[in-house]
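Since the structure comes first, as structure tokens, the remarks are kept for the end.
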Amino acid sequence: MGYLKLRIDRIFGIRGSALGRRGALARARDIVLLGTAALTLFGCRLDMHVQPKYLPYAATNFFGDGRSERQPVPGTVARGQLRLDELMFTGKENGVVSNRFPFPITRADLERGRERYNIYCTPCHDYTGSGHGMIVQRGFPQPPSYHIQRLRDAPAGHFFEVMTNGFGAMYSYAARIEPADRWRIAAYIRALQLSQDATLQDVPASERAKLTENSAGQSAGSSR
Amino acid sequence: MAQTFHRSTNLLARVSIFGGLLILGGLAFALYEIALSPWYTEQYAVRQQPVPFSHRHHAGELGIDCRYCHTSVEKSSFAGLPPTQTCMTCHSQIWTNSSMLEPVRASYRDNVSLAWTRVNALPDFVYFDHSIHISKGIGCTTCHGSVASMALTYRRGTLYMSWCLNCHRQPEKYVRPRSEVFNPFYRPPSGEEQLALGRKLVKEYKIQTLQYCDTCHR
């Protein structure tokens, strides 16, 4: 047993004879070696993990406001940000709110408009545009319904303007929705308005019979 | 010459060899388990945030779409954390007296960004892109877990290389219809059905199995 213990002591240099005989220099060397080994094993792992570059939204102490994202210098225009098309970017033509869309609206545009509307507007204006969205139910001021006469008569550019600049208690959505998508939402709101104000005359003659049939069936059902 | 070692040391040698192997194996296993345990990977760990923001409130109960706040997730690599203005679209009018929201109001007043603590962060040598995953039908909850039930946000995946590759090797196990990508309550069909659906979608969306190192290390 004593033999085994001696072995262990020798190998690991613990206490006793082995270490005692060695000089302070050797001990210092050991510490440096061990330290270097520990650093190579653990310390250097970080050099590729954390690279000297800014990832999106990273904080910095180089600029006064602490943001690595910079605002454009006043008076300059970034590529793709030249906004000369008055109708496209302000909803106005010659300073008057316009009822024209800057590009022809196709079915795909309307579908994109519906998707965007459902993301950004339904929390307050709800899916039909009547203004009873979830956030309104939790105490947000109620917006007007899109189906009041004033908004039915409003030009398409008015909806674009409201989204771009905000309106009363409603904040601007310009930062989150691109101009073309704002026009598509405006087109979808127009579609919503039509859908809530439709009469039998709007239905193609061939489909009308089906509708009257159904509603007759329903009213018969409810009277029973 | 007399034997140096007594016979009984044979046993000692055997025990120490096999015992040593056993201990090494056990250690390796324990290390492996520890490396995958939430304690080490920091899965499920919530972080100190400037405001105790709750996805359960906002995305779950109020039903706000992920893109209302994480605006750039469809078109860029980065999902984006909402600027203070986004919070203020609602909190300028509701819960305006809540002391919990004071940092948000202060941030808006003083034009100083809120410093959210990230819960998902890859090392800088890994390239990741949200937009490709979204457009190929990988849902938020597949990677981030049931965000809509998190009172405070935590990380669901390990974000280890094996975690990414597990899906890159067999995307059919995880892909879902594009229309369901943002649905935080989507339940994938079980077992065989998911595989059948997955194989169909992999073909339809032309999903590749990307395993080349330069996909993620570029």
Side-chain angles (χ1 to χ4, degrees), chain A residues 1 3-4 7-8 45-61 63-69 71 111-112 115-124 126-127 133-143 163 166-178 181, chain B residues 4-6 9 12 16 57-97 108 110-118 121-128 130 178-179 182 217:
Chain A
M1 230 32 230
Y3 174 77
L4 209 67
R7 265 282 112 103
I8 292 176
R45 275 184 57 84
L46 283 181
D47 66 358
M48 293 291 277
H49 282 243
V50 183
Q51 298 167 8
K53 66 181 180 190
Y54 290 124
L55 297 168
Y57 290 66
T60 173
N61 48 21
F63 296 107
D65 61 0
R67 297 170 185 170
S68 59
E69 251 119 60
Q71 297 292 321
E111 265 158 17
R112 170 91 181 164
E115 188 191 62
R116 296 294 115 178
Y117 176 86
N118 288 351
I119 298 169
Y120 296 107
C121 314
T122 49
C124 298
D126 85 28
Y127 287 90
M134 184 53 113
I135 309 302
V136 175
Q137 293 170 31
R138 300 296 177 105
F140 203 85
Q142 188 176 350
M163 281 179 260
F167 189 93
M170 177 181 148
Y171 275 36
S172 159
Y173 281 77
R176 275 180 275 169
I177 313 175
E178 285 163 15
D181 280 342
Chain B
T4 319
F5 295 104
H6 185 258
T9 46
L12 203 69
S16 51
H57 250 20
H58 293 86
E61 287 160 17
L62 301 174
I64 308 173
D65 195 286
C66 310
R67 290 165 286 181
Y68 190 91
C69 293
H70 304 297
T71 314
S72 58
V73 71
E74 289 166 294
K75 46 182 198 287
S76 82
S77 64
F78 188 67
L81 293 174
T84 310
Q85 197 247 11
T86 300
C87 309
M88 291 303 277
T89 50
C90 293
H91 288 296
S92 60
Q93 300 288 335
I94 46 175
W95 292 80
T96 46
N97 294 323
Y108 196 67
D110 308 338
N111 192 24
V112 175
S113 307
L114 283 171
W116 300 107
T117 313
R118 294 284 303 273
L122 290 167
D124 286 0
F125 57 78
V126 181
Y127 172 80
F128 177 80
H130 272 97
R178 278 195 189 120
S179 56
F182 298 96
H217 305 294

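Side chains are part of it too, since the values below use all heavy atoms of this structure and drop only hydrogens, waters and symmetry mates.
Residue with the most contacts toward chain A among B:N111, B:V112, B:I64: B:N111 (heavy-atom pairs, distance under 4.5 Å). For chain B, the option among A:P141, A:G66, A:A175 with the highest count of heavy-atom pairs below 4.5 Å is A:P141.
We find that A:D181 and A:R112 are joined by a salt bridge, their nearest charged nitrogen and carboxylate oxygen being less than 4.0 Å apart. Between A:R116 and B:E74 there is a salt bridge, since at least one side-chain N of the basic residue sits less than 4.0 Å from a carboxylate O of the acidic one.
No part of A:Q137 comes within reach of chain B, as not one of its non-hydrogen atoms sits under 4.5 angstrom from that chain. The contact between B:T86 and chain A is made by backbone and side chain atoms together, counting heavy-atom distances below 4.5 Å. Contact annotation for A:E178: only side-chain heavy atoms (C-beta onward) come within less than 4.5 Å of a heavy atom of chain B. Both the backbone and the side chain of A:A169 come within contact range of chain B, with heavy atoms under 4.5 Å apart. With a threshold of 4.5 angstrom between heavy atoms, A:I177 does not approach chain B through any atom at all.
Within 6.0 Å of the NE2 atom in B:H217, the count of heavy atoms belonging to other residues, nucleotides or ligands exceeds 12.
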side-chain hydrogen bond (donor to acceptor under 3.5 Å, both in side chains) between A:R67 and A:T60: does it pass, once the steps are laid out?
CA-CA 6 Å; A:R67 297 170 185 170; A:T60 173; over 6 Å; no
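Side chain to side chain, A:Y117 and A:T122 fail the donor-acceptor criterion of an N or O pair below 3.5 Å.
Taking the ring axis of B:Y68 as reference, the NZ or CZ atom of A:R176 stays within 45° of it and closer than 6.0 Å to the ring centre.
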